[in-house]
2 protein chains.
Amino acid sequence: MNRTLTKVLPNRIPAQGALGLDITAEVVIFTIRQNELQVLLVPADHHSQRGLWMLPGGVVGWEDDLDTCASRALAAQAGVHGVYLEQLYTFGDPDRCPDRRVIAVSYYALIPIHRAHFGGPKGDRHIDWFSVANLPTLVLDHATIVELARERLVAKLDYSTIAFQFLPESFTLSELQSVYEIILGEQLDKRNFRKRVLALKCLQQTAELRRNGSHRPARLYQLCTPGKVEYIK
Amino acid sequence: MNRTLTKVLPNRIPAQGALGLDITAEVVIFTIRQNELQVLLVPADHHSQRGLWMLPGGVVGWEDDLDTCASRALAAQAGVHGVYLEQLYTFGDPDRCPDRRVIAVSYYALIPIHRAHFGGPKGDRHIDWFSVANLPTLVLDHATIVELARERLVAKLDYSTIAFQFLPESFTLSELQSVYEIILGEQLDKRNFRKRVLALKCLQQTAELRRNGSHRPARLYQLCTPGKVEYIK
DNA sequence: GCAAAAGTGTTCGAGATACACCCATGA
DNA sequence: TCATGGGTGTATCTCGAACACTTTTGC
């Protein structure tokens, strides 16, 4: 399997190769864009996979930690550092790749809305964002990986503050609610949502308001401990 | 790192070897014994690790699925087939093993009380059960792996019927309660426990009673769908 | 003044918690 | 008859769900 990242980082020495076994890190990079949960995909470049898409990732180098390898893919493909990144699952079916044995350690990452560059009408032609609800055909088992990541994300909404990772440093409660609604795929009650989220005691009001059209401006909030994902309840 | 399992299964061809990279599957095998949550450990046999213990596991063979490899370790070390087995996390720090590069895909398994043989005063001298609350010194990062598995198990008690996997086909509600109490490390109220667990609608009364001493016999229950772990609430 | 999003409280029901006594048996 | 674990019901509290109107702004 030829990986875009291998080209981007030609100096990597794969941890394996001689016997045809590779260990890769594959990253499901989520963001909220166009009122959808979207993932960043790169075009497959192997001739037999023309027209298919795949997850950003790369071969784990001899000296690489798995997390480091995932971070590198994230930096190379999405151009971001320091975002939320979590290991998901390791896929090792000997037949998952027809050419060679590839064990994929999958990760998922969350990119804040304001840092989701690349893609879209004016974006880099080589990578793009896609709605998870409407994915193109992906190589190998990558669609399974995306689905597993989505399920994990949905589950974590319930018992952690992970959703806050999609937002910039300060944000309105309506923006936060919208993140939840998009990921869960359902409308939430505004009053109950605000009550619940403020009861977590991990948000603080700022003095600022956001003016955003011909209506009442919204209060901005910040996380008490930015970047930290907490378990709740 | 020399693995007991490698000896047990000398016919396995490691997926790697030439460049000194191995992929192993390591299994945290839990059971309830002696009113404790215990794990099965094997003595480390590498000379520099004399006296230390390690998790059962084995090198992933070229043709092995990861799950298959974990199952094989489970069968070889604990002598059981078909028990609950779930992938946990993949550890890939390049420095986790001083000798060579080893990427460990960890699993955890639950063995029903009545099938936990091996170990103990009369058991095989080469492997033994240990209380997770009082582990001997383990090789490498194996203590971290056990702790992660324990945390996952505790978390799953809350939102799944995973605890039922520790019990035989039919069991009393007191036995079930005891499993919860041991894993959680706290006493539970008998009436509330029974109410909650029966409200799950996944247990059925049997016609049988268990006579177990000079007191009222206990009703035996069975899972409606044995072997199936369900998510709850 | 009107359109559009921000902001705010109360009621209700379900499920969790706390709690104490009688039952069936074997010795 | 007594020691032992099995088995049961009620009152209370907490938390989530449902629900509608006023506020502030820009045009």
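Atom set for the values below is all heavy atoms of this structure, side chains included, hydrogens, waters and symmetry mates excluded.
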| said: Atom CD of residue position B:Glu169 - does it have more than 12 heavy atoms of other residues, nucleotides or ligands inside 6.0 Å? | reply: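 No, not enclosed.
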Calculate the interatomic distance between [X] atom [atom1] and [N] atom [atom2]; express it in whole Å.
X        : N      : atom1 : atom2 : value
A:Arg211 : C:dA5  : CZ    : C1'   : 14 Å
B:Gln177 : D:dT8  : CD    : C1'   : 14 Å
B:Asp158 : C:dA16 : CG    : C1'   : 13 Å
A:Leu188 : D:dA17 : CG    : P     : 9 Å
A:Leu184 : D:dA17 : CG    : P     : 12 Å
A:Asn212 : D:dC27 : CG    : P     : 12 Å
B:Arg210 : C:dG26 : CZ    : P     : 15 Å
B:His215 : C:dA27 : NE2   : P     : 11 Å

| query | Short question: side chain of B:Ser170, backbone of B:Leu220 - any donor-acceptor pair under 3.5 Å? | reply |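 Absent.
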| request: Return yes if a side-chain donor-acceptor contact under 3.5 Å exists between A:Glu86 and A:Tyr108, otherwise no. | output: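 There is such a pair between these side chains.
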| field | Donor-acceptor side-chain pairing of A:Gln34 and A:Ser131 below 3.5 angstrom | value |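 Per modelled atom types, A:Gln34 and A:Ser131 side chains form no pair under 3.5 Å.
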| Salt-bridge criterion met for B:Asp64 and B:Arg72 (N-O under 4.0 Å) |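 Yes.
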| said: Is the distance from the ring center of B:Phe166 to that of B:Phe164 below 6.0 Å? | reply: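 For B:Phe166 and B:Phe164, the ring centres are not under 6.0 Å apart.
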| query | Less than 6.0 Å separating the ring centroids of B:Tyr180 and B:Phe193? | reply |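 Yes, close enough.
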| Does A:Ser174 put a side-chain nitrogen or oxygen below 4.0 Å from OP1 or OP2 of C:dA6? |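 Checking C:dA6 against A:Ser174, a side-chain N or O does come within under 4.0 Å of OP1 or OP2.
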| request: Check step by step if side chain to side chain contact (heavy atoms under 4.5 Å, CB included) holds for B:Val27 and B:Leu85. | output: CA-CA 9 Å; B:Val27 191; B:Leu85 177 68; 4.0 Å; yes
| Within residues 163-173 of chain A: residues closer than 4.0 Å to DNA chain C (heavy atoms) |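 Result for residues 163-173 of chain A: none.
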Pairs: protein N or O with nucleotides 8-14 of chain C N or O, under 3.5 Å:
from   : atom 1 : to       : atom 2 : distance (Å)
C:dT10 : O4     : A:Lys195 : NZ     : 2.8

| request: Indicate the atoms forming the closest heavy-atom contact of A:Arg33 with A:Trp129, along with that distance. | output: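 Nearest pair, atom of A:Arg33 first, then A:Trp129: NH1-CB, 3.1 Å.
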| request: Give the C-alpha distance, both sets of side-chain angles, the deciding distance and a yes or no for side-chain hydrogen bond (donor to acceptor under 3.5 Å, both in side chains) between A:Gln177 and A:Thr172. | output: CA-CA 9 Å; A:Gln177 181 172 346; A:Thr172 70; over 6 Å; no
| Under the side chain to side chain contact (heavy atoms under 4.5 Å, CB included) criterion, do B:Leu153 and B:Ile162 qualify, and how do the steps go? | CA-CA 8 Å; B:Leu153 175 61; B:Ile162 195 171; 4.2 Å; yes
Can you check nucleotides 13-16 of chain D for protein contacts, nitrogen or oxygen pairs under 3.5 Å, and list what you find?
none

